[in-house]
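Heads up: the structure comes next, in structure tokens.
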There are 2 protein chains.
Amino acid sequence: MNAGICTLWITPGIPQMASKLKLKSVDIGNRASAGSIVYEALRKAIIDGDLEDGAPLRQDDIAGQFNTSRIPVREALSKLEQEGLVKNRRYRGAVVAGISLREASEIFDFRILMEGEVIGASVPNMTSASLSKARGYCEEFRRTEDSKNWSKLNRKFHYSLYRDSGLKYHLDMIDNALDRTERYVHAQLSISQGVAKAHDEHLAILEACENGNAEMASRLTREHISSVRDELLEHLGGRR
Amino acid sequence: MNAGICTLWITPGIPQMASKLKLKSVDIGNRASAGSIVYEALRKAIIDGDLEDGAPLRQDDIAGQFNTSRIPVREALSKLEQEGLVKNRRYRGAVVAGISLREASEIFDFRILMEGEVIGASVPNMTSASLSKARGYCEEFRRTEDSKNWSKLNRKFHYSLYRDSGLKYHLDMIDNALDRTERYVHAQLSISQGVAKAHDEHLAILEACENGNAEMASRLTREHISSVRDELLEHLGGRR
DNA sequence: AAATTGTAAATTGGATCCAATTTTGTTGAC
DNA sequence: GTCAACAAAATTGGATCCAATTTACAATTT
């Protein structure tokens with residue numbers, strides 16, 4: 001479980017020399033705290049669905065797995081609670097926060113609003129570099145067989161089309177919404193023809209972006225997310 | 001500082017009897033933790049502008065003021081960071097996170113999108129109770145002289161029109177946006193004729209709601225927030 | 001056997017202590 | 001006087017300890 005924790009630190013303190021020596025700067029100075037390492041690991045595990053909804057998150061267990069005390073674990077759990085990924089009850093511990101279909105549906109509505117707006121603001125600023133990057137993710141999405149990667153690449157594709165908007169606050173909000181719905185997107189893509197349909201819609205969105213048609217990109221994005229939501233509700237038996 | 005903390009606890013564990021005995025239940029069981037008390041106090045101080053942008057928040061100082069150790073303070077600061085109200089740099093401490101006009105402007109755009117949508121969803125569900133409550137806040141807003149209360153009542157008025165939407169996720173997002181912009185709203189209302197103009201617009205929004213005109217309420221809300229933003233940018237010398 | 005009470009174990013919240021890092025102040029060289 | 005090098009103080013991050021609370025479980029009563 002200690003994978004990724006580097007034990008050999010370079011001693012800091014001579015930043016002036018660094019530029020002269022042309023060393024690949026590793027951005028020492030803001031190394032991850034124990035808390036943020038635990039946070040990232042738990043966040044990934046929850047989003048990927050490796051931890052089931054309602055699963056208890058014992059501070060001692062987690063602290064043991066990361067070879068730390070419970071203090072950083074509590075910090076991580078607190079952050080995750082703020083993001084809505086875990087629920088914390090005083091003296092009763094934390095559990096993975098599952099979201100109902102009702103809640104998921106609302107977050108999809110939020111995404112429709114947000115992402116439709118942001119991609120529209122993004123289109124005028126898109127560079128050929130960001131467009132080819134997006135096309136890369138799009139292709140990768142189509143080719144990949146691993147269901148675990150579908151939702152990740154889907155997310156990367158969409159998000160890469162939003163960055164040029166420069167709307168940092170909106171992007172943060174979208175990030176959180178994607179965090180909370182990723183499990184559901186994964187489920188939706190795993191069902192029949194989800195990936196093929198999504199890929200077609202991705203191509204259409206890409207084309208609109210390449211043509212500089214912001215209004216079209218916005219509309220197609222809204223319809224795309226909307227259709228993901230509807231199929232999800234249909235297949236998982238929830239009614240709006 | 002211990003005001004509000006009761007030292008005489010009724011022993012829990014007999015919920016069946018409670019109903020028979022008709023005791024006034026005081027909802028023991030989710031008392032506030034030290035961390036959340038510190039969190040609420042700091043949040044209020046930052047939003048109200050009692051703490052200036054960039055002001056350092058020393059863990060020891062705060063812990064001393066609340067007669068606790070630094071642990072709950074760290075928890076509070078961590079939550080506030082997630083909300084964007086403070087910035088935390090490893091080993092360097094936390095400071096109040098000021099937002100630039102550029103950032104504030106973006107958050108206003110976010111609010112225009114969000115609140116326009118949410119009030120539209122709310123109108124069909126509004127009851128006469130919630131409408132009269134909103135009208136109460138609206139009146140209070142007009143009558144009050146204290147500039148500190150303007151932004152609070154303004155916020156209460158608007159928010160009371162959103163609750164009936166039942167869109168919990170959207171409401172959370174709006175809450176955060178309001179937290180971050182409240183200082184700016186306060187500044188805008190303090191300048192010439194800000195309150196009178198706002199009140200007129202509030203009345204128009206209320207009327208649209210009472211008439212069940214969701215589209216109108218949505219449009220007026222968007223225009224209202226938009227005008228607050230524009231006046232703010234104009235008076236504080238920022239350009240879009 | 002079912003319900004209730006009491007007790008021990010498990011778990012979390014908070015205080016205190018130590019280590020890591022930054023900041024501040026001082027000294028010395030030029 | 002200015003700058004670097006160094007030491008001391010201040011501050012934060014993390015570990016360990018204790019207290020508060022909940023949970024699990026055995027004992028008791030009916």
Side-chain angles (χ1 to χ4, degrees), chain A residues 2 5-17 27-42 54-81 86-95, chain B residues 1-2 5-18 20 26-42 54-81 86-95:
Chain A
N2 272 340
I5 298 186
C6 181
T7 52
L8 212 178
W9 301 113
I10 302 166
T11 94
I14 43 167
Q16 315 89 321
M17 299 297 285
D27 201 5
I28 350 182
N30 43 348
R31 299 181 300 266
S33 67
S36 63
I37 291 172
V38 175
Y39 163 76
E40 286 297 345
L42 285 178
L57 300 167
R58 299 277 165 231
Q59 296 178 6
D60 265 327
D61 286 359
I62 300 169
Q65 289 186 33
F66 288 89
N67 275 321
T68 68
S69 74
R70 281 162 41 223
I71 298 285
V73 176
R74 275 144 70 170
E75 191 187 319
L77 290 174
S78 171
K79 279 188 190 168
L80 290 166
E81 182 179 30
V86 315
K87 274 201 267 279
N88 231 323
R89 288 202 306 162
R90 192 166 153 82
Y91 288 117
R92 283 174 202 187
V95 296
Chain B
M1 258 310 170
N2 272 342
I5 298 188
C6 180
T7 52
L8 211 178
W9 301 117
I10 302 165
T11 93
I14 44 166
Q16 316 88 321
M17 298 297 286
K20 288 182 186 173
V26 199
D27 198 8
I28 353 182
N30 42 348
R31 298 178 303 266
S33 67
S36 64
I37 291 172
V38 175
Y39 163 77
E40 286 297 344
L42 285 178
L57 301 166
R58 298 278 164 232
Q59 296 178 4
D60 266 327
D61 286 358
I62 300 168
Q65 290 186 31
F66 288 88
N67 276 321
T68 68
S69 73
R70 280 162 43 222
I71 298 285
V73 176
R74 274 144 70 169
E75 191 187 319
L77 290 174
S78 171
K79 279 188 191 170
L80 290 165
E81 183 179 31
V86 315
K87 274 201 267 278
N88 230 323
R89 287 200 307 162
R90 192 165 151 85
Y91 288 118
R92 284 176 198 186
V95 296

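Order of the sequence lines fixes the chain letters, A, B, ..., with proteins taken first and strands second; residue numbering starts at 1 for each chain.
Between the CG atom of A:L77 and the P atom of C:dT11 there is a distance of 14 Å, rounded to whole Å. At whole-Å resolution of the value, CG in B:D60 and C1' in D:dT12 are 9 Å apart. One can place CD1 of B:I62 at 16 Å from P of C:dG14, the figure rounded to the nearest angstrom. What separates CG of B:N67 from P of C:dT16 is a distance of 11 Å, to the nearest Å. Distance A:N88 CG to D:dT21 P: 17 Å, rounded to the nearest Å. In this structure, B:E75 places its CD atom 6 Å from P of C:dG14, rounding to the nearest Å. Atom-to-atom, CZ of B:R89 to P of D:dT11 comes out at 16 Å; the value is rounded to the nearest Å.
Between A:R92 and D:dT23 there is a side-chain N or O to OP1 or OP2 distance below 4.0 Å. A sub-4.0 Å separation between OP1 or OP2 of D:dG13 and a side-chain N or O of B:Q59 is present.
For the pair A:E75/B:R74, no side-chain contact is recorded, criterion being any heavy-atom separation below 4.5 Å from C-beta on.
In this structure, A:R58 reaches the sugar-phosphate backbone alone: every heavy-atom distance under 4.0 Å involves primed, P, OP1 or OP2 atoms, never a base. In this structure, A:R70 reaches the bases: a heavy-atom distance under 4.0 Å links it to at least one base atom across the strands shown.
Taken from CD1 in A:I71 to CD in A:Q59, the straight-line distance is 8.5 Å, to the nearest 0.5 Å. One distance of note links CD1 of B:I62 with CG of B:L42; it measures 5.0 Å at 0.5 Å rounding. With values rounded to the nearest 0.5 angstrom, A:K79 atom NZ is found 8.5 Å from A:E40 atom CD.
Distance from the side chain of B:Y91 is smallest for C:dT21 among the nucleotides C:dG14, C:dT21, D:dG14. Listed candidates were C:dG14, D:dA15, D:dG13. Nearest to the side chain of B:R74 is D:dG13. Checking D:dT23, D:dG13, C:dA15 against every side-chain atom of A:I71, the shortest atom distance belongs to C:dA15. Here C:dG14 is the nucleotide among D:dG14, C:dG14, D:dA15 with the atom lying nearest to any side-chain atom of A:R90.
The two residues A:A34 and A:T68 come nearest to each other via the heavy atoms CB-CG2, 4.2 Å.
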